[in-house]
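What follows is a short report on a single structure.
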Protein chains: 2
Amino acid sequence: MFYTIKQVADRFGLPAHTLRYYDKEGLLPFVSRDKNGNRLFSELDLNWIALICCLKNTGMPIKEIKEYSDWCKQGSQKLEERKALLIAHREQVEKQIEEFQKNLALIDTKIATYEDPELVKKMDEQATLALQQLSR
Amino acid sequence: MFYTIKQVADRFGLPAHTLRYYDKEGLLPFVSRDKNGNRLFSELDLNWIALICCLKNTGMPIKEIKEYSDWCKQGSQKLEERKALLIAHREQVEKQIEEFQKNLALIDTKIATYEDPELVKKMDEQATLALQQLSR
DNA sequence: ATAAAGGTTAAAGTTTACTTTAAGTCAAGG
DNA sequence: CCTTGACTTAAAGTAAACTTTAACCTTTAT
């Protein structure tokens with residue numbers, strides 16, 4: 001079974017031209033074509049795209065994803081590099097999650113100040129004060 | 001006590017011109033100046049910048065941070081809007097953390113395949129197969 | 001038969017968030 | 001005195017990741 005670019009685009013919630021752009025950038029090395037040159041996506045291609053999206057959505061730049069794709073195209077020659085890249089990225093993702101959680105905590109304390117009338121009053125006074133100083 | 005732009009830049013690990021850029025974009029409404037026009041950052045400004053960085057690092061666009069800044073400049077008039085914006089963003093951040101965790105799980109299963117010689121062999125065969133089909 | 005729907009390419013344009021450059025002011029140190 | 005270093009502004013330039021446009025081809029429905 002094969003899928004058209006439109007079907008794949010819908011499945012992943014991406015516009016079709018973004019898939020073409022990924023293809024052009026070398027991120028989709030395995031996609032075949034029909035006799036008219038139209039792309040045909042297999043189940044394996046869908047798995048591949050899911051991984052590409054995963055890497056992209058966790059902040060890996062297109063260039064690095066392309067490097068990984070290139071290594072995959074070379075069969076078993078670059079297995080160590082591929083694994084190392086994923087492990088390095090995995091650590092990045094973990095760090096990002098930690099940082100997001102820290103930032104979430106800060107946002108929560110800030111929201112909490114908006115829930116306490118006393119603190120809101122203080123914030124307002126501080127802002128007023130700062131602006132008065134500026135307008136001198 | 002006041003800090004120079006350099007000191008603040010070092011403290012937050014940002015280049016000084018990025019702070020000037022934020023200022024120009026209206027993200028630093030409370031920063032005062034010395035008689036030569038040089039920026040003087042107070043402790044309150046440092047707290048403010050910490051919040052700005054927190055919002056920026058969790059994916060809030062500069063435009064939206066500016067909107068929040070503008071509301072803060074207006075004192076107590078926009079308290080509800082400010083709180084609502086933070087609560088909406090808080091939800092965004094939570095969603096992003098969840099998505100990151102899902103993606104982390106996918107990366108982990110992918111790494112696991114590289115640790116199993118059988119699965120690695122299968123991957124390689126699939127890639128070879130796909131490329132053979134393409135070169136027909 | 002012809003027009004609509006969906007595919008193709010190449011290339012130019014857009015957005016965001018800086019970054020760099022150019023040109024200038026000011027105060028301290030040798 | 002004059003140079004060095006840190007600051008100032010405005011404006012142009014950059015990088016990444018698309019997005020849009022233009023021009024074209026093929027299949028399918030009326």
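Chain A is the first sequence line, chain B the second, and so forth, proteins listed ahead of strands; every chain is numbered from 1. Just so you know, these numbers use all the heavy atoms, side chains as well, and skip hydrogens, waters and symmetry mates.
At a threshold of 4.5 Å between non-hydrogen side-chain atoms, the residues Leu28(B) and Asp45(B) do not count as touching.
Phe100(B) meets the ring-ring contact (aromatic ring centres under 6.0 Å, His included) test with Phe100(A); sequence neighbours excluded. Taking Ser76(B) as the reference, Asp124(A) meet the side chain to side chain donor-acceptor pair (under 3.5 Å) condition, with sequence neighbours excluded. Considering only residues two or more places apart in sequence or on other chains, Tyr68(B) meets the side chain to side chain donor-acceptor pair (under 3.5 Å) condition with Tyr114(A). Ser69(B) is linked by a side chain to side chain donor-acceptor pair (under 3.5 Å) to nothing, counting only residues two or more places apart in sequence or in another chain. Checked against side chain to side chain contact (heavy atoms under 4.5 Å, CB included), Glu43(A) has the following partners two or more places apart in sequence or in another chain: Tyr3(A), Leu46(A).
One finds no side-chain N or O of Arg33(B) lying less than 4.0 angstrom from the OP1 or OP2 phosphate oxygen of dC26(C).
Protein atom CD1 of Ile52(B) is 15 Å distant from nucleotide atom C1' of dA17(C), rounded to whole Å.
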Annotated protein contacts, base or backbone, on nucleotides 10-29 of chain D with a non-hydrogen cut-off under 4.0 Å, one of B, S, - each: -------BBBB-----SS--
Which atom pairs, donor and acceptor, lie under 3.5 Å between side-chain atoms of residues 6-18 of chain B and protein residues at least two apart or in another chain?
residue : atom : partner : partner atom : Å
Gln7(B) : OE1  : Thr4(B) : N            : 2.8

Review item, side-chain donor-acceptor pairs of residues 102-112 of chain A, under 3.5 Å, at least two apart:
residue   : atom : partner   : partner atom : Å
Asn103(A) : ND2  : Glu99(A)  : O            : 3.3
Asp108(A) : OD1  : Arg90(B)  : NH1          : 2.4
Asp108(A) : OD2  : Arg90(B)  : NH1          : 2.5
Thr109(A) : OG1  : Leu106(A) : O            : 2.8

Filtered N/O pairs between nucleotides 4-7 of chain D and protein, under 3.5 Å:
residue : atom : partner : partner atom : Å
dC7(D)  : OP1  : Lys6(B) : N            : 3.4

